[in-house]
> 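Okay, handing you the structure first.
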Amino acid sequence: MYKSNKRLIILDADGTTIDAYSAIEKAFSRHGMTLGDQESFQKRHHLFKYLGGLKQFPFIIKKNIRKQSRKQIVATLTEVYRQEAQLYPGIAELIQTLIAAPDIVLGLITRNITNEPLETLRQLFMRYDIDVGDMDFFVHVPLNERKTSHFRLIRERFEINPARAYICGDEHKDFLAAINTGMHPFMVSYGFEDHKRLTMKFEVPNEVISRTSEELCRRVLHAMELPASAQFSAPLAGPGKLT
């Protein structure tokens with residue numbers, strides 16, 4: 001039925017592998033604006049996407065931003081991403097391990113809104129000695145498109161059983177896209193949506209949510225039956241436990 005026995009892992013960028021909050025905070029600060037604490041940021045989790053111009057900013061920020069200054073902010077954010085933005089702890093090692101695994105198809109699907117986003121992320125990952133060219137795919141999704149169809153196209157392209165396919169994401173839409181394409185979701189609550197929002201508002205099961213990037217790495221490596229380094233030696237949480 002399926003020509004490949006490999007497993008597929010689709011990574012998300014902002015809020016899952018990349019510390020987007022810190023990068024956006026730096027960009028806003030350089031324009032004399034305050035982003036606010038991370039908890040408040042998560043409550044208005046679409047803020048990052050507002051920079052793309054599809055929605056209106058919250059009033060406190062909107063009054064300081066016009067069309068031209070939005071372009072300036074995106075330009076600054078692009079510079080921050082390329083030169084300073086950080087991957088979450090353990091993520092670089094995880095990606096390098098997955099790239100080296102011969103039976104895993106690995107890639108990234110992103111909605112990053114910096115200028116020339118694929119080039120921006122290429123430069124960011126290169127600072128961690130990760131060549132995105134070593135990934136099996138690297139896709140940018142426009143803001144007006146859903147990830148669901150892209151997830152399905154990637155899985156079908158590599159002819160992989162959906163039961164052997166996984167996505168890593170930080171928003172409930174990532175969870176729904178995974179479920180709607182028959183894939184298993186690895187969710188995180190340290191990105192654009194916090195644990196309370198994911199579980200209580202959108203009923204994402206606690207069992208698939210990692211509260212830290214280190215926990216995400218342990219979950220993925222365990223599922224892929226790959227050895228974990230000492231930094232990921234802590235045991236996984238059992239069903240229903242909060243970690």
Side-chain angles (χ1 to χ4, degrees), residues 7-26 37-39 41-43 45 48 80-81 84-101 103-110 112 121 124-132 134-135 165-175 178 183-200 202 204-243:
R7 284 166 290 189
L8 167 68
I9 301 181
I10 300 175
L11 299 177
D12 175 50
D14 304 298
T16 303
T17 58
I18 300 169
D19 183 356
Y21 169 78
S22 296
I24 300 169
E25 184 180 42
K26 285 183 179 180
D37 59 68
Q38 187 164 2
E39 182 178 356
F41 172 79
Q42 288 181 317
K43 290 179 180 178
H45 67 288
F48 186 46
V80 169
Y81 261 71
E84 303 175 55
Q86 303 291 309
L87 299 183
Y88 286 109
I91 292 297
E93 293 81 1
L94 173 66
I95 293 176
Q96 290 163 345
T97 299
L98 294 173
I99 288 176
D103 62 340
I104 292 177
V105 176
L106 172 72
L108 188 146
I109 294 181
T110 178
N112 181 276
L121 297 187
L124 191 164
F125 283 108
M126 188 58 69
R127 289 193 279 106
Y128 286 86
D129 295 321
I130 297 172
D131 184 349
V132 296
D134 292 334
M135 296 183 183
Y166 307 80
I167 70 99
C168 300
D170 64 315
E171 298 183 77
H172 71 279
K173 291 181 179 179
D174 296 323
F175 175 79
M183 303 186 195
H184 175 81
F186 288 110
M187 299 300 297
V188 305
S189 59
Y190 53 78
F192 282 120
E193 295 186 336
D194 64 15
H195 191 272
K196 182 178 180 181
R197 180 181 175 85
L198 288 171
T199 56
M200 298 187 68
F202 297 109
V204 175
N206 175 68
E207 288 84 352
V208 302
I209 301 175
S210 298
R211 288 177 177 260
T212 67
S213 56
E214 292 92 345
E215 183 183 352
L216 171 67
C217 294
R218 294 197 300 271
R219 286 178 182 267
V220 171
L221 292 171
H222 182 264
M224 298 301 106
E225 299 181 4
L226 293 172
S229 62
Q231 71 185 107
F232 305 133
S233 60
L236 288 169
K241 292 182 180 179
L242 300 180
T243 60

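Note that the structure is a prediction, hence the values are computed from the model and not measured. Computed from heavy atoms alone, side chains included, the values below leave out hydrogens, waters and symmetry copies. Along the sequence shown, residues carry numbers from 1.
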> Between Arg219 and Glu215, is there a salt bridge with N-O shorter than 4.0 Å?
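Judged by the 4.0 Å cut-off on N to carboxylate O distance, Glu215 and Arg219 do form a salt bridge.
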
> Answer yes or no: is there a side-chain heavy-atom contact under 4.5 Å between Ile99 and Ile130?
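With C-beta onward as the side chain, the pair touches.
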
> Tell me, with the steps shown, if Leu121 and Ile18 meet side-chain contact (heavy atoms from CB on, under 4.5 Å).
CA-CA 10 Å; Leu121 297 187; Ile18 300 169; 3.6 Å; yes

> Could you tell me whether the side chain of Tyr88 reaches within less than 4.5 Å of the side chain of Val188, counting heavy atoms only?
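They are not in contact (no side-chain heavy atoms under 4.5 Å apart), so the answer is no.
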
> Who passes side chain to side chain contact (heavy atoms under 4.5 Å, CB included) against Asp131, sequence neighbours left out?
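Scan of Asp131 (side chain to side chain contact (heavy atoms under 4.5 Å, CB included), adjacent residues dropped) gives Met126, Asp134.
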
> For Leu106 and Leu11, what are the C-alpha separation, side-chain angles and deciding distance, and is it a side-chain contact (heavy atoms from CB on, under 4.5 Å)?
CA-CA 8 Å; Leu106 172 72; Leu11 299 177; 3.8 Å; yes

> Begin from the C-alpha positions of Tyr21 and Asp14 and carry the test side chain to side chain donor-acceptor pair (under 3.5 Å) through to its verdict.
CA-CA 8 Å; Tyr21 169 78; Asp14 304 298; over 6 Å; no

> Taking side chain as C-beta onward, heavy atoms only, is Phe186 less than 4.5 Å from Leu216?
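Yes, their side chains come closer than 4.5 Å.
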
> Under 4.5 Å between any side-chain heavy atoms of His195 and Tyr190, yes or no?
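No. Closest side-chain heavy atoms not under 4.5 Å.
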
> Roughly how far, to the nearest 0.5 Å, is the NZ atom of Lys196 from the CZ atom of Phe202?
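Phe202 atom CZ to Lys196 atom NZ measures 13.5 Å (nearest 0.5 Å).
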
> Atom CD1 of Ile91 and atom CD of Gln96: how far apart are they, to the nearest 0.5 Å?
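Separation between the atoms: 11.5 Å.
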
> Taking all non-hydrogen atoms of both residues into account, name the closest pair between Ala20 and Gly15 and its distance.
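In this case the closest contact between Ala20 and Gly15 is CB-N, 4.0 Å.
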
> Can you tell me how far apart OG (Ser210) and CE (Met187) are? Round to the nearest 0.5 Å.
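Between Ser210 OG and Met187 CE, I get 10.0 Å after rounding to 0.5 Å.
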
> Between the side chain of Gln86 and the main-chain N/O of Glu84, is any donor-acceptor distance below 3.5 Å?
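Indeed, once roles are kept as given, a pair shorter than 3.5 Å links the two residues.
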
> Which distance, rounded to the nearest 0.5 Å, do you find between the CZ of Arg197 and the OG of Ser189?
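Answer for the CZ-OG pair, Arg197 versus Ser189, is 13.0 Å.
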
> Looking only at heavy atoms, what is the nearest atom pair of Ala85 and Ala23, with distance?
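Here Ala85 and Ala23 meet closest at CB-CB, 4.1 Å.
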
> Would a 4.5 Å heavy-atom cut-off, applied to side chains only, mark Asn206 and Leu198 as touching?
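Answer no - side chains too far apart.
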
> Take Leu94 and Leu221, measure what side-chain contact (heavy atoms from CB on, under 4.5 Å) needs, and give me the verdict at the end.
CA-CA 8 Å; Leu94 173 66; Leu221 292 171; 3.8 Å; yes

> Ring-plane angle category for Tyr166 and His184, please: parallel below 30°, perpendicular beyond 60°, tilted otherwise.
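Ring orientation, 0 to 90° scale: perpendicular.
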
> For residues Asp12 and Ile167, determine if any side-chain heavy atom of one lies less than 4.5 Å from a side-chain heavy atom of the other.
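No; the side chains remain at least 4.5 Å from each other.
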
> Could you walk me through whether Val204 and Ile209 pass the side-chain contact (heavy atoms from CB on, under 4.5 Å) test, one step at a time?
CA-CA 8 Å; Val204 175; Ile209 301 175; 3.9 Å; yes

> Would you indicate whether the side-chain heavy atoms of Ile95 and Met135 approach each other to under 4.5 Å?
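Yes, close enough: below the 4.5 Å cut-off.
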
> Rounded to the nearest 0.5 Å, how far does CG of Leu98 lie from CG of Leu226?
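Interatomic distance, Leu226 CG to Leu98 CG, rounded to 0.5 Å: 6.5 Å.
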
> Using only atom types and a distance under 3.5 Å, with no angle test, would you say the side chain of Thr110 pairs donor to acceptor with the backbone of Asn112?
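Such a contact is found between Thr110 side chain and Asn112 backbone.
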
> Just by modelled atom types, is the Phe192 backbone N or O under 3.5 Å from a matching donor or acceptor in the Asp170 side chain?
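Here the side-chain-to-backbone pair exists.
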
> The criterion is side chain to side chain contact (heavy atoms under 4.5 Å, CB included); which residues satisfy it with Ala165, sequence neighbours excluded?
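Result, side chain to side chain contact (heavy atoms under 4.5 Å, CB included) vs Ala165: Leu8, Arg155, Met183.
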
> Can you give me the closest heavy-atom contact between Leu87 and Tyr128, atom names plus distance?
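That would be N-OH, 3.0 Å.
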
